[in-house]
There are 2 protein chains.
Amino acid sequence: MTKEERFGLILKELKASGKVSFEAVASQLQVSEDTARRDIDALSKNGLLVKVRGGAMAPSANPLLFQDREELFSDAKKVIALKALQQLAGCRTVFMDGGTTMLAVAASLPADTRLRVITHNMALVPVLGAHPGVELIVLGGQYDRATQTNLGVQTCLEAARYQADLYLMGVCSADPAAGITAAVAADGEVKKAVLASSLKTLALVNHEKLNTVDFFRVCELAAIDGLITELPSDDPRLDGYRAGGVELV
Amino acid sequence: MTKEERFGLILKELKASGKVSFEAVASQLQVSEDTARRDIDALSKNGLLVKVRGGAMAPSANPLLFQDREELFSDAKKVIALKALQQLAGCRTVFMDGGTTMLAVAASLPADTRLRVITHNMALVPVLGAHPGVELIVLGGQYDRATQTNLGVQTCLEAARYQADLYLMGVCSADPAAGITAAVAADGEVKKAVLASSLKTLALVNHEKLNTVDFFRVCELAAIDGLITELPSDDPRLDGYRAGGVELV
DNA sequence: AGCAAATTTGCAAAACTTTGCAAAAATCTT
DNA sequence: AAGATTTTTGCAAAGTTTTGCAAATTTGCT
């Protein structure tokens with residue numbers, strides 16, 4: 001039984017049942033558990049399966065393993081969320097923007113947080129509504145299915161009624177020269193309105209969105225107070241942003 | 001049974017029924033309740049579900065309605081919902097009130113319906129937001145966890161901006177003499193505002209709420225155009241209401 | 001406010017992984 | 001073909017993670 005033969009059999013089993021255990025591979029292929037472990041290790045290095053405690057699973061078996069990892073809460077989003085949480089200290093009222101990054105922030109809010117949150121992001125309602133320390137204020141408007149946010153003139157007018165200590169802005173595109181830009185005009189308008197109602201604004205930006213431009217101008221970089229990315233603050237990719245905005249670790 | 005396998009099964013169950021309890025997970029997956037709790041904790045940290053007391057719910061569902069669907073959609077509610085649907089014919093814009101009866105209406109809306117719905121009921125957002133024929137307009141305000149609705153002055157002001165063909169009012173208490181009354185002042189105020197913005201108002205009332213009175217006066221019976229209950233329209237319990245409002249089968 | 005149930009926290013035992021090492025097998029060199 | 005070299009294999013010790021239990025705390029309800 002060569003290594004390659006074993007690889008084939010392991011993958012076949014994985015395809016059939018979605019999972020394999022070191023123990024089962026060892027006994028079925030008549031090798032020690034260590035060898036089974038090493039085989040599965042090699043396959044995982046090639047991305048053909050995902051190692052888990054006790055064995056391995058097909059990447060598609062569960063959203064945590066592969067598929068939605070990028071769409072839902074990627075490591076980058078978690079890092080950004082944690083950085084954003086640190087900036088919440090001392091804030092009483094916070095505007096939270098649309099986007100799944102903001103969902104990551106809301107989901108990782110500690111249980112003992114006391115905060116007033118204003119948002120037009122309907123995805124946050126079940127999460128923040130269940131949080132005992134959060135007073136949630138919803139901005140109404142026309143519900144946009146694609147982004148799960150309320151948009152439109154109503155939303156902007158409502159945003160103008162409130163005054164927040166901090167605005168956590170979810171950013172579509174950021175560029176040192178063009179500033180913050182949005183792909184949807186209605187979304188950009190809401191961002192402008194909220195920006196005007198907040199003492200301080202921090203933009204949450206995935207590094208992939210750095211140095212990209214969309215058609216709707218939200219604001220200059222100078223209009224925001226800080227940029228939160230998953231990169232360390234001394235990363236060269238952030239060089240162009242150091243002038244106006246403050247970078248955060 | 002690895003952790004990841006359990007994750008997959010928990011998510012599968014969540015998808016099927018919309019909710020999972022620690023107890024059920026523990027017994028079905030043959031682990032202690034502590035492990036079930038920790039698993040669900042991990043999934044919630046990744047935004048794949050929302051933890052609530054006793055278990056967890058799908059993120060798009062309503063964290064506070066952690067009950068059985070049968071309980072939620074009692075036969076009475078289903079009957080009322082179907083009657084209300086019939087009244088929707090010809091309507092272009094409808095205000096939908098708070099309450100689980102309204103959730104039953106939203107859930108039973110046929111797929112080919114074309115409708116503009118205005119609501120402050122956050123429980124409807126996941127349901128109506130997914131409906132391709134519904135244009136959803138959300139009324140903002142201060143989110144009330146107990147009722148899952150937005151309340152307050154903002155909500156009333158926003159309601160006044162719109163004009164609807166029909167208002168489906170969810171009723172707490174109805175009485176021939178006292179009219180419609182509410183248990184929460186803020187809720188009653190919103191009802192009054194919406195009532196003023198609608199051409200026609202139908203009150204949806206469970207028969208258990210007939211002939212009961214609460215402290216906040218919403219309106220006289222004469223101010224509404226019809227009463228929808230699960231009772232047949234010639235039921236003697238409705239006798240006192242025939243004067244001003246129209247009863248519907 | 002007070003009771004009962006649910007939840008969080010700390011802990012130690014058990015299960016699983018990693019790491020380093022040496023023997024066996026396969027491959028290469030001359 | 002014999003010896004040297006590399007790869008693979010199995011083993012055991014050290015290190016991590018997971019798990020169930022029990023105490024302490026919080027929460028929801030009346």
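So that the names make sense, note that chain A is the first sequence line, chain B the second, and so on, each numbered from 1. For the numbers below, each heavy atom of this structure counts, side chains included, while hydrogens, waters and symmetry mates do not.
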Item to check | Closest to the B:Asp34 side chain, choosing from D:dT19, C:dT9, D:dT9 | outcome: C:dT9
Checklist entry - Of all the choices, D:dG20, D:dT17, D:dG28, which nucleotide is nearest to the side chain of B:Arg53 once you look at every atom? => result D:dG28
Checklist entry - Heavy-atom count around A:Arg92 CZ within 6.0 Å, excluding the residue itself: above 12? => result yes
Item to check | d(CZ, A:Phe22; P, C:dT18) in whole Å | outcome: 7 Å
Next on the checklist: Keeping B:Lys209 on the side-chain end and B:Ala174 on the backbone end, is there a donor-acceptor pair under 3.5 Å?
Outcome noted: no
Next on the checklist: Is A:Arg37 close enough to C:dT19 that one of its side-chain N or O atoms is under 4.0 Å from OP1 or OP2 there?
Outcome noted: no
Checklist entry - Rounded to the Å, how far apart are B:Glu5 CD and C:dC16 P? => result 12 Å
Item to check | Among D:dG10, C:dT7, D:dT19, the one nearest B:Lys3 by side-chain distance | outcome: D:dT19
Checklist entry - With respect to the phosphate group of D:dC11, does any side-chain polar atom (N or O) of A:Ser32 fall under 4.0 Å of OP1 or OP2? => result no
Next on the checklist: Main chain of B:Thr35, side chain of B:Ser32: is a donor-acceptor contact present, judged purely on distance under 3.5 Å?
Outcome noted: yes
Item to check | Nearest-angstrom distance from the residue atom CG of B:Leu29 to P of D:dG20 | outcome: 11 Å
Checklist entry - Would a distance-only check, ignoring hydrogens and angles, find a side-chain to backbone donor-acceptor pair under 3.5 Å from A:Lys19 to A:Ala56? => result no
Checklist entry - Has the side chain of B:Arg38 got a donor or acceptor that lies under 3.5 Å from a partner of the other kind on the base of D:dG20? => result yes
Item to check | Whole-Å distance separating the CZ atom of A:Arg6 from the C1' atom of D:dT7 | outcome: 12 Å
Checklist entry - With a 4.5 Å heavy-atom cut-off, do B:Tyr241 and B:Asn211 have their side chains touching? => result yes
Checklist outcome for this item: Residue pair A:Glu33/B:Glu33 against DNA chain C: nearer the 5' end by closest nucleotide is B:Glu33
Checklist outcome for this item: Separation of D:dT18 atom P from B:Ile40 atom CD1, nearest Å, is 17 Å
Checklist entry - Quick one: A:Asp41 CG to D:dT7 P, roughly how many Å, whole number? => result 17 Å
Checklist entry - So does A:Lys51 get a side-chain nitrogen or oxygen closer than 4.0 Å to the phosphate oxygens (OP1/OP2) of C:dT18? => result yes
